[in-house]
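First the proteins, then the strands, lettered A, B, ... as listed; each starts at 1.
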Protein chains: 2
Amino acid sequence: MKQVLIVEDDENLGKSLKKIMEEEGMNVFLATTLERARTLLSEPLDVIVLDWMLPDGQGIDFLRELRAKNAVVPVIMLTARTDLIDKVLGLETGASDYMTKPFESRELVARVRVQLREKLTGKAREEKVVAGKILINDLDKDFFYDGKKISLTKMEYELVKLLAENPRQTFSRENLLDKVWGYENFPTTRTVDTHVLQIRQKTADDIIETIRGLGYRLGTMGIVSSN
Amino acid sequence: MKQVLIVEDDENLGKSLKKIMEEEGMNVFLATTLERARTLLSEPLDVIVLDWMLPDGQGIDFLRELRAKNAVVPVIMLTARTDLIDKVLGLETGASDYMTKPFESRELVARVRVQLREKLTGKAREEKVVAGKILINDLDKDFFYDGKKISLTKMEYELVKLLAENPRQTFSRENLLDKVWGYENFPTTRTVDTHVLQIRQKTADDIIETIRGLGYRLGTMGIVSSN
DNA sequence: AACAGAATGTCAGCTCATTGTCAGGTTTAA
DNA sequence: TTAAACCTGACAATGAGCTGACATTCTGTT
């Protein structure tokens, strides 16, 4: 049986959705707050329906938390705000779909089914990063360089992914520590150098460019197409 | 609804992009020639995707026409030639982004979304400094002079950036030492002269003007565009 | 116009900060 | 428990930045 989590503070709407989905044979959890939703994450969920605004926080923040934990569960965002930018933002942080309020309950259920099916067939949105000779499949954390799969450690992977996602952009060591290592960890800036070295040795020297006195950025091979 | 213009002579590619973007909720115009594209400029456009080579002219000329009209719409250039990237980005008020063929359609759509967002927040623009023949991309730490990319060292870069950000303003050597070198460092004022020399040699003599007895300022080429 | 003095242009070499590289100890994950 | 990953410190290599010396240009005065 498929398990669905609905995070929605409008109880009427939530219960109505729950009922329809249960008729479809789904097992539905309903949370009216983010706090409650977090406790329900212990369940093995197949789809999450997430409202944009909630009494104790933004749905999008909850989504970010999920993605930070590498959760791959599809998320459908609900929002009353019609301007496109919010939709775009929602999608970029990894929402699989969205709906603007008001909507037909039946349509939402249809979309939930789409997500369930895509999750099964594995054809969901492939999170790929392509930059020159680099290809990154973020779903299974695979890194390819020049057509060959290279085994990278977690930090190496996160580092090169950030650089590949922002080709040409120069990052200072401090900036990289923030973005890749996070604010909780405080390694030396020299740690960055070491990891850059590892990546260079595993691939090619020019994969990462040194901008002396400023930091690192993706090398030109990340810009030049290989064919 | 956001409006996107695609100028691409490969009809298959164009239609495929159109379809994907329309699924994202964008309103897409497709032009296979520059002539057709010009007529579509009457529409209020949010992003333009522009191929490099078109049956009736160069995409880059179309971009120049746009900029001559002070159009601020972001432009994403498509090119198969990797050696032209620096030129595209370095052109005055140049392209906002580029992609080398072949590319993933999804990645292009993602970049269109980035441009839409940046256009709203107005963030990307502030990271570029344009002054006559000078273009500085502070995110990338790239410096372009007269369309050519010039490799500058850290201090050279910081110095010319300050001058380009404040054209017409004359800075004393002491002032430059404070602003560029910072209060922690105490080099001789002659150090400024040396760096000015390096910049002049790497670009052109008249990039920095000497105000005898007072200091330096950006040359007139940095104020009057010479196209 | 010629001159002196000051300001600036120019160059080369030295210094030292930055970065590359590696080994070893510590932590983390299987 | 064991192996891998991570971080750190040490040392080497590199090159940017600084300085001092000398050349050149400019300015104001005679």
Is [Y] paired with [X] through a side-chain N to carboxylate O contact shorter than 4.0 Å?
X	Y	result
B:R200	B:D206	no
B:E156	B:K202	yes
A:K15	A:E11	yes
B:D142	A:R217	yes

For A:Q3 and A:N27: C-alpha separation, side-chain torsions, deciding distance, then whether side chain to side chain donor-acceptor pair (under 3.5 Å) applies. CA-CA 5 Å; A:Q3 305 221 98; A:N27 189 21; 2.6 Å; yes

Find the distance [X]:[atom1] to [N]:[atom2] and express it as a whole number of Å.
X	N	atom1	atom2	answer
A:K202	D:dA5	NZ	P	6 Å
A:I208	C:dG20	CD1	P	10 Å
B:Y157	D:dG17	OH	C1'	19 Å
A:L197	D:dC7	CG	P	14 Å
A:I199	D:dC6	CD1	P	10 Å
A:Q198	C:dG20	CD	P	13 Å
A:H195	D:dA5	NE2	C1'	8 Å
A:D193	D:dC6	CG	C1'	14 Å

Within the 4.0 Å heavy-atom criterion, would you say [X] contacts the bases, only the backbone, or no part of the nucleic acid?
X	answer
B:T210	sugar-phosphate
A:T153	sugar-phosphate
B:Y216	sugar-phosphate

Measuring to OP1 and OP2 of [N], would you say a side-chain N or O of [X] lies under 4.0 angstrom away?
X	N	answer
B:T191	D:dG17	no
A:R190	C:dT18	no
A:R200	C:dG20	yes
A:T188	D:dT8	yes
A:T194	D:dC7	no
B:Q201	C:dC11	yes

Between C:dT21, C:dG20, D:dC18, which nucleotide gets closest to the side-chain atoms of B:W181?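 The nucleotide sitting nearest to the side chain is D:dC18.
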
Heavy-atom donor-acceptor pair, B:R212 side-chain to C:dA7 base, under 3.5 Å: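 For B:R212, whose side chain was compared with the base of C:dA7, there is a donor-acceptor pair (under 3.5 Å).
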
